[in-house]
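Working notes, beginning with the structure itself.
Heavy atoms only: backbone and side chains are in, while hydrogens, waters and symmetry mates are out.
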Amino acid sequence: MKKIDYIKELNPAQLEAVQSIEGPHLVIAGAGSGKTRVLVYRVAYLVEKGVAPDAILLLTFTRKAAGEMLKRASALLDERCQRVSGGTFHSFANMILRKYARLLGFSNSFTILDQSDAEDTINLIRSQLGFNKLDKRFPRKRAILEVISKSINKADSLKNVLFDEYPQFIEWEEEIKKIRQEYKKYKQLKSLLDYDDLLVYCKDLLEGHEEVRRALSGRYKYIMVDEYQDTNKLQAYIATLLSSSHKNIMVVGDDSQSIYSFRGANFRNIMDFPKIFKGARIITLEENYRSTQPILDLTNEVLASAAEKFDKVLFTRKKGLDLPVYVDAQDEHAQSRYIADKILELREEGINLDDIAVLFRSGWHSNDLEVELASRNLPFVKYGGQKFVEAAHIKDVISYLRIIYNISDAVSWYRALLLMRGIGPKTAERIIQEIIANKKGFNLGDEFLHKNEDLGRLFEILKKVDSRHMPPDEMIRVFLGYYQPLLKEKYDDFNKRLNDLDSLIRIASRYSSLEHFLTDMALEPPERSIVEAGAKDKDDSRLCLSTIHSAKGLEWQTVFLIYAAEGHLPSYLSLEDEEAIEEERRLFYVATTRAKENLFILKPHIDRSPRSYMGEGASVFTQPSRFLTEGNILNKHVTIETAGELGVIDDLEIDDILQEKPHHDKEFLDMMRDYFRGCEEP
């Protein structure tokens, strides 16, 4: 049996975290400090010390992350580590609710609605209530679902969410409340749960059924939570309830990387952990294994001005003396040209394109750069885009499988019926009424089946498919014989979409259970369209363009951070909100700590974009981001360069820049709001 030399493999702070077993622990893991290593070795350490694997629960933000950690732990020790329970809060909640759902009044064979299906359900209810026929513009389905979801994830009232984030919809508060009520009733009636319901009902189960809470807390005697700064109130509460009987909980995260408040993540969860768990031991990981010391000196300076934080000073043993570069560019295009020129230089030095990234606060910031890169024949990939299972043709096929699994799934029936030639919304509703409300099931009357060939063929297939003995991939093949003529008629690029459907079959072939396949496709879908991925040569090296939010957890040898200016980073939306400014500071920290060796921070000197709002020929001087001026970074921690027709910046000009105050006057803010309206994205 293997024996791990923990002292040799871990630095002192990591070792302390790994060997701290009993009681509550908060591990503050600075960027690049090896937090994943701590979790992997702690799993191995617990198992090596005799803790039963099924008594350990590891909660992460993707099941892939949990799987990789447990695989690494098994490689360190032995296969016992693979028996540790690992997954996301949502997958854990799903597992628990499959067993205990009846205690909450609904069937354990519920169907999980993904984002798009939840939106369609909201739209159905919105139409049934007549809110789509009002004279004044009523919020669309996505906005309504976002409001309801944020209210749940932030544990805040609908009124407060509308006031803080959707003031344009305040007048519709009562109508949205009505939709929320009907949405909840509809889901309960049809045995449907959306993502938020998984957490809500899991919390209700643990909170309202003491015997279940004691049983689960007794089973999972050692709980670990990764990326704790990204948890919302519900997730933090669930973790607290699960550890209620023993307090053996270790949460790992970095308060300085809490950047997802728009998703409901709560900065207070990590900050208040020591208040909730009295006597919690705080362990800080400060040794960085990613970046050079000059880069860390800059990031430490940025954090020094944070209003609230756990103190940490990142250091490294990695060699590297080059200071980060601050580039004052004449305008946006000069910024783009500088980056393209520098990338070509780096390639000559032997740095691959896929080890270079350009990061930005908002997706539109890279528009000019994308044109410039294309003109230089520099290939790039931009993070974002449609997820695989959100593609219409994939959702079409999955709707058939969901009908097989849950015949009361009205959302899937509606989608499947509207695909057919000659069936509109009213006819679809009548058919659904017969199938579900009148309990005809797959024995629909001839008055419907004989009138529509597509409908008759679908019901023939539905009656033949046996979910108990037929694996998911075989079901898909059966349905594709029916679906392909519809695919060809509906989509001009149906040939490309066939590749996606082949991929869906390959994914489904990994499953023997329809329930598990549908659950995974709802909770952990593939991130990118197979059509898009298949169109590219996987061996090609590509530059990465990414929003900062999408870049968290990644690293590159060289990073360019663009638009480091007031109103851009920090975003103009945060300028009057101190808490929002602090999250923008954390975004800046996340961006700069992605760089291993080269960090370039760029600011366009002249922002030419708002000219149309200020008169022909007018221009606005874009000040450096406050995160560069607060800690005297421009004087101490960077090399200053220019791009365009600015000329050389002398010491006097640097002093002038440092002394300028960020704009807070009303005229500036109003102008920025006009310009950015519709451009900003989280």
Side-chain angles (χ1 to χ4, degrees), residues 90 93-94 96-132 141-142 144-149 151-152 158 174-205 208-209 395 398-418 423 425-445 448 459 462 467 514-515 518-519 521-523:
H90 289 88
N94 173 66
I96 297 304
L97 292 173
R98 293 290 177 190
K99 183 175 182 180
Y100 295 107
R102 296 194 182 279
L103 292 176
L104 299 173
F106 58 91
S107 169
N108 59 8
S109 63
F110 57 83
T111 297
I112 301 172
L113 292 174
D114 67 14
Q115 178 79 13
S116 180
D117 293 322
E119 288 176 9
D120 289 344
T121 306
I122 289 287
N123 199 44
L124 183 65
I125 293 166
R126 176 177 172 267
S127 299
Q128 289 175 346
L129 293 173
F131 296 153
N132 61 324
K141 59 183 182 180
R142 176 168 293 184
I144 296 169
L145 184 63
E146 284 177 358
V147 171
I148 294 171
S149 181
S151 174
I152 292 169
L158 203 65
E174 293 305 316
E175 288 81 359
I176 295 174
K177 281 183 178 178
K178 180 66 175 174
I179 291 174
R180 180 178 63 180
Q181 292 167 1
E182 294 302 314
Y183 178 50
K184 183 176 181 179
K185 290 178 186 176
Y186 184 92
K187 290 183 292 181
Q188 290 173 334
L189 187 65
K190 309 295 185 187
S191 289
L192 302 170
L193 271 68
D194 63 21
Y195 292 152
D196 297 331
D197 291 329
L198 291 171
L199 299 182
V200 169
Y201 285 123
C202 182
K203 184 268 295 181
D204 289 347
L205 179 70
H209 295 269
K395 292 185 66 63
I398 288 178
S399 69
Y400 302 137
L401 302 185
R402 288 174 46 166
I403 287 168
I404 290 292
Y405 180 70
N406 177 8
I407 199 170
S408 298
D409 186 344
V411 174
S412 294
W413 274 114
Y414 200 74
R415 185 179 192 94
L417 292 170
L418 290 182
I423 293 183
K426 289 185 179 179
T427 304
E429 288 180 11
R430 286 175 54 211
I431 294 172
I432 293 170
Q433 174 78 12
E434 284 290 296
I435 294 169
I436 299 176
N438 298 340
K439 300 186 177 180
K440 294 291 182 65
F442 295 150
N443 300 309
L444 193 64
F448 291 103
F459 271 74
L462 290 170
S467 62
L514 178 60
E515 176 192 309
L518 292 176
T519 297
M521 291 301 282
L523 292 179

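Taking CZ from Arg415 and NZ from Lys395, the interatomic distance works out to 5.5 Å, rounded to the nearest 0.5 Å. To the nearest 0.5 Å, the span separating CG on Asn94 from CG on Leu199 amounts to 11.0 Å. We find the OH-CG distance between Tyr100 and Asp204 to be 16.0 Å, quoted to the nearest 0.5 Å. In this structure, Ser191 OG and Ile407 CD1 are separated by 12.5 Å, a value rounded to the nearest 0.5 Å. Residue Ser412 holds its OG atom at 9.5 Å from CG of Asp120, rounded to the nearest 0.5 Å. From Leu103, atom CG reaches atom CG of Leu97 across 10.0 Å, with rounding to the nearest 0.5 Å.
The shortest distance between side-chain heavy atoms of Thr111 and Leu518 does not fall below 4.5 Å. When side chains are defined from C-beta on, Leu124 counts as touching Tyr186, because their heavy atoms get closer than 4.5 Å. Between His209 and Leu104 the shortest side-chain heavy-atom distance falls below 4.5 Å. You'll find the side chain of Trp413 stays beyond 4.5 Å of the side chain of Ile431, heavy atoms only. Within the 4.5 Å cutoff, the side chain of Tyr195 has no heavy atoms near those of the Leu113 side chain. Residues Ile148 and Ile122 form a side-chain contact, since some pair of their non-hydrogen atoms from C-beta on lies under 4.5 Å apart. Side-chain contact between Asn438 and Gln433: present, with at least one pair of heavy atoms (C-beta onward) separated by less than 4.5 Å. For the pair Ile152 and Val200, the minimum side-chain heavy-atom distance is below 4.5 Å.
Closest of all the heavy-atom pairs between Tyr183 and Ala118 is OH-CB, 3.4 Å. For the pair Ala428 and Leu418, the tightest heavy-atom approach, listed with the atom from each and the gap, is CB-CD2, 4.1 Å. When all heavy atoms of Ser408 and Ile436 are compared, the closest pair comes out as O-CD1, 3.6 Å. Among all heavy-atom pairs drawn from Ala101 and Ser107, the shortest one is CB-O, 3.8 Å. Between Ala416 and Tyr400, the shortest heavy-atom contact is CB-CE2, 3.7 Å. Heavy-atom minimum distance, Pro425 versus Tyr414: CB-OH, 3.3 Å.
Cation-pi contact between Arg98 and Phe110: present, with separation from the ring centre below 6.0 Å and deviation from the ring axis of at most 45°.
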Steps toward side-chain contact (heavy atoms from CB on, under 4.5 Å) verdict (Phe131, Ile176): CA-CA 10 Å; Phe131 296 153; Ile176 295 174; over 6 Å; no

Stepwise side-chain contact (heavy atoms from CB on, under 4.5 Å) test for His90 and Ile112: CA-CA 11 Å; His90 289 88; Ile112 301 172; over 6 Å; no

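Residues Lys178 and Glu174 are not paired through a salt bridge, judged by the lack of any N-O separation under 4.0 Å between the basic side chain and the carboxylate. A salt bridge between Glu429 and Lys426 is absent, with no side-chain N of the basic residue lying under 4.0 Å from a carboxylate O of the acidic one. In summary, Arg402 and Asp117 engage in a salt bridge, as defined by a charged side-chain N under 4.0 Å from a carboxylate O.
With Ser151 contributing its side chain and Val147 its backbone, the two residues share no donor-acceptor pair below 3.5 Å. No donor-acceptor pair closer than 3.5 Å links the side chain of Thr427 to the backbone N or O of Ile423.
Relative ring orientation between Phe106 and Tyr201 is described as tilted, the plane-to-plane angle lying within the 30° to 60° band.
For the salt bridge (Lys or Arg N to Asp or Glu O under 4.0 Å) test, no residue two or more places apart in sequence or in another chain qualifies with Glu146.
A salt bridge (charged side-chain N to carboxylate O under 4.0 Å, His left out) check over residues 189-203, counting only residues at least two apart or in different chains, returns the pairs Lys187-Asp194, Lys187-Asp197, Lys203-Glu207.
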